[in-house]
Amino acid sequence: MWSRLRTILPSPNCLPPRWCSGFVSRMRYMNRLKEDDTACLSALHNGQIFLFHHLSPLLQCTQRGTLRPAALATSDVQSVLERLGSDGSLVKKSVLVSCLEQNQAQFCLDVGELDQVSVEEACEGKFLDLRKSLFLLTTAEAPILAKGQALLRWHQTSRFCSATGQLTHRNQAGSQRACSSNGIIYYPKMSPVVIVLVSDGRRCLLGRQPAFPLGMYSALAGFCDMGESLEEALCREVAEEVGLELQSITYSSSQHWPFPHSSLMLGCHATVSPAHTQLQVDHAELENARWFSLEEITSALKLQTPPQRGDSPALWLPPKQAVAHRLITEWTKQQLLKDTDQNQRPGSC
Ligand SMILES: NC(=O)C1=CN([C@@H]2O[C@H](COP(=O)(O)OP(=O)(O)OC[C@H]3O[C@@H](n4cnc5c(N)ncnc54)[C@H](OP(=O)(O)O)[C@@H]3O)[C@@H](O)[C@H]2O)C=CC1
Ligand SMILES: [Mg+2]
């Protein structure tokens, strides 16, 4: 099977916008801020902050009635915090997440120690659970909040050194923590997760976990075991969850996913032989898994609102911000192209 594996470059719209001018300078500036606490503090004073409250991001309503992450000037955050009785040191707990044109740095800060409603009123926004937020934001806005939440969560749960039990302390950017007694450096952790859209050439395979929203099915996913390659993890997960053997694997693209504790999702397409498509679903892992036709998927992609209890069960797909959605749209486009090619062949009607 391995000789049949092939790798492709991700499609251009999956790549970060690195070809636009200023990308190299911004990346180098961010790198300097991670290494130089004084420069980072100064960047914080002139930067922007996205606020969180117990890991839920602050969203504001736009004039068009949509929601967007609230990017607040650090000086404004500072005055709000002072008005609410917090001392100025809270702002220093911000973590660096990004950098705009002209090297304006962006940070995230959790103000969970303050009263939620008072901060919402002062900042004219609402703190909303991150899972719900991801469904409402654009694909450009969602990743910065996902990254911010993941970093803030890591700091909240990494206060002690696992070797000495002593307190760890962070650098100003929040990109690392060091043990106060032996200097061991800890970096934020991510778990590699494989996610795959399996096809038999005509249909694609989606699975459903009990915790998914009503009607939702997604591509099969699973955490990589220690020592596994991406391909090995994919083959094992598909064998475990639905009892199929993969024939070929094609890399599509990846995504940072903040749930449950920060994962790097590695997205692939895979095929199985049309002669071996009988599923043996492991119900300890999945509530259900089944093959979906192109027609079922194209109808589901058109749905605008999720099914409600009492509705006839419609297929509901993961949000646009999820790599699962990207895999499903890529497969759909490929199938539609295949159908067009076949219809245009001489002799076809
Ligand atoms: N962005 C996207 O498009 C999508 C993202 N996902 C994400 O992919 C992730 C993995 O998918 P899922 O099907 O649940 O994975 P798995 O099929 O691997 O099953 C999850 C189980 O794996 C065990 N496990 C092994 N290693 C880890 C680890 N490092 N962290 C947590 N659990 C681990 C846990 O079992 P136990 O507790 O018994 O040890 C857990 O309950 C999910 O967190 C989900 O959010 C899934 C689909 C779409
Ligand atoms: Mg799984």
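Both counts, for ligands and for their atoms, begin at 1 and track the order of listing.
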Does ligand 1 have an atom under 4.0 Å from some heavy atom of His261? no

Nearest to the Mg ion (ligand 2), which N, O or S atom of Glu241 do we find? OE2

2.8 Å cut-off met by an N, O or S atom of Ala221 to the Mg ion (ligand 2): yes

Which segment of Phe223 sits under 4.0 Å of ligand 1 when only heavy atoms are counted: both

Mind checking whether Ala322 contacts ligand 1 via backbone (N, CA, C, O), side chain (CB onward), both or neither, at a 4.0 Å heavy-atom cut-off? both

Return the orientation label for the Phe292 and Tyr217 ring planes: parallel under 30°, perpendicular over 60°, tilted otherwise. perpendicular

Among all protein heavy atoms, pick out the one at the shortest distance from atom 9 (C) of ligand 1; state its residue, atom name and that distance to 0.1 Å. Val193 CG1, 4.0 Å

Just jot down the ligand 1 atoms closer than 4.0 angstrom to any heavy atom of Ile195, in number order. 3 (O), 4 (C), 47 (C), 48 (C)

So for Gln209 against ligand 1, with non-hydrogen atoms under 4.0 Å, the contacting part is side chain

Is_contact(atom 38 (O) of ligand 1), protein non-hydrogen, under 4.0 Å: no

Side chains of Phe50 and Pro57 in contact at under 4.5 Å (non-hydrogen atoms): no

Whether the Ser86 and Glu113 side chains hold a donor-acceptor pair (N or O, under 3.5 Å, no angle test) is what I'd like checked. no

Measuring to protein heavy atoms, does anything land under 4.0 Å from atom 30 (N) of ligand 1? yes

Starting from atom 45 (O) of ligand 1, locate the nearest protein heavy atom and write down its residue, its atom name and how far away it is, to 0.1 Å. Trp257 NE1, 3.1 Å

Any donor-acceptor pair under 3.5 Å linking the side chain of Gln172 with the backbone of Asp36? no

re atom 6 (N) of ligand 1, the protein heavy-atom contact at minimum distance is Met265 CE, 3.6 Å

Atom 24 (N) of ligand 1: any protein heavy atom closer than 4.0 Å: yes

Heavy-atom protein contact below 4.0 Å for atom 35 (O) of ligand 1: no

Within the structure provided, determine whether Glu237 and Val196 are in side-chain contact (heavy-atom separation under 4.5 Å). no

Are any of the heavy atoms in Pro260 under 4.0 Å away from ligand 1? yes

Has the side chain of Thr298 got a donor or acceptor atom that lies under 3.5 Å from a matching backbone atom of Glu295? yes

Provide, to 0.1 Å, the distance between atom 17 (O) of ligand 1 and the closest protein heavy atom, together with that atom's residue and name. Glu241 OE2, 2.8 Å

Please tell me if the side chains of Ile328 and Ile297 come closer than 4.5 Å, counting only heavy atoms from C-beta onward. yes

Are any non-hydrogen protein atoms located under 4.0 Å from atom 47 (C) of ligand 1? yes

Hey, does Leu58 have a side-chain heavy atom less than 4.5 Å from the side chain of Val111? no

Going by the order shown, which atoms of ligand 1 are within less than 4.0 Å of some heavy atom of Gln255? 1 (N)

Is it the side chain, the backbone, both or neither of Leu220 that has a heavy atom closer than 4.0 Å to ligand 1? neither

Quick one about Arg153 and Ser262 (side-chain donor to acceptor, distance below 3.5 Å, no hydrogens or angles considered), yes or no? no

With a 3.5 Å distance limit and no angle check, can you tell me whether Arg159 reaches the backbone of Leu167 through a side-chain donor-acceptor pair? no

For atom 3 (O) of ligand 1, what's the nearest protein heavy atom and its distance? Ala324 N, 2.9 Å

Find out whether Asp200 and Trp291 are in side-chain contact, i.e. whether some heavy atom of one side chain is under 4.5 Å from a heavy atom of the other. yes

Quick check on contacts: which atoms of ligand 1 are under 4.0 angstrom from a heavy atom of Ser191? 29 (N)

Any chance NE2 of His276 has more than 12 other-residue heavy atoms, nucleotides or ligands included, within less than 6.0 Å? no

Glu287 atom CD, over 12 foreign heavy atoms within 6.0 Å: yes

How far is atom 19 (O) of ligand 1 from the closest protein heavy atom, and which atom is that? Glu285 OE1, 4.2 Å

Any side-chain heavy atom of Lys93 within less than 4.5 Å of one from Asp110? no

Among all protein heavy atoms, pick out the one at the shortest distance from atom 15 (O) of ligand 1; state its residue, atom name and that distance to 0.1 Å. Gly222 CA, 3.5 Å

Let me know which of Thr138, Leu136, Thr62 forms a side-chain contact (heavy atoms from CB on, under 4.5 Å) with Arg68. Thr62

Test item, Glu237 contacting ligand 1 (heavy atom, 4.0 angstrom): yes

Could you tell me if any non-hydrogen atom of Ser218 lies under 4.0 Å from any atom of ligand 1? yes

Yes or no, since that's all I need: does a protein heavy atom fall within a distance strictly under 4.0 Å of atom 11 (O) of ligand 1? yes

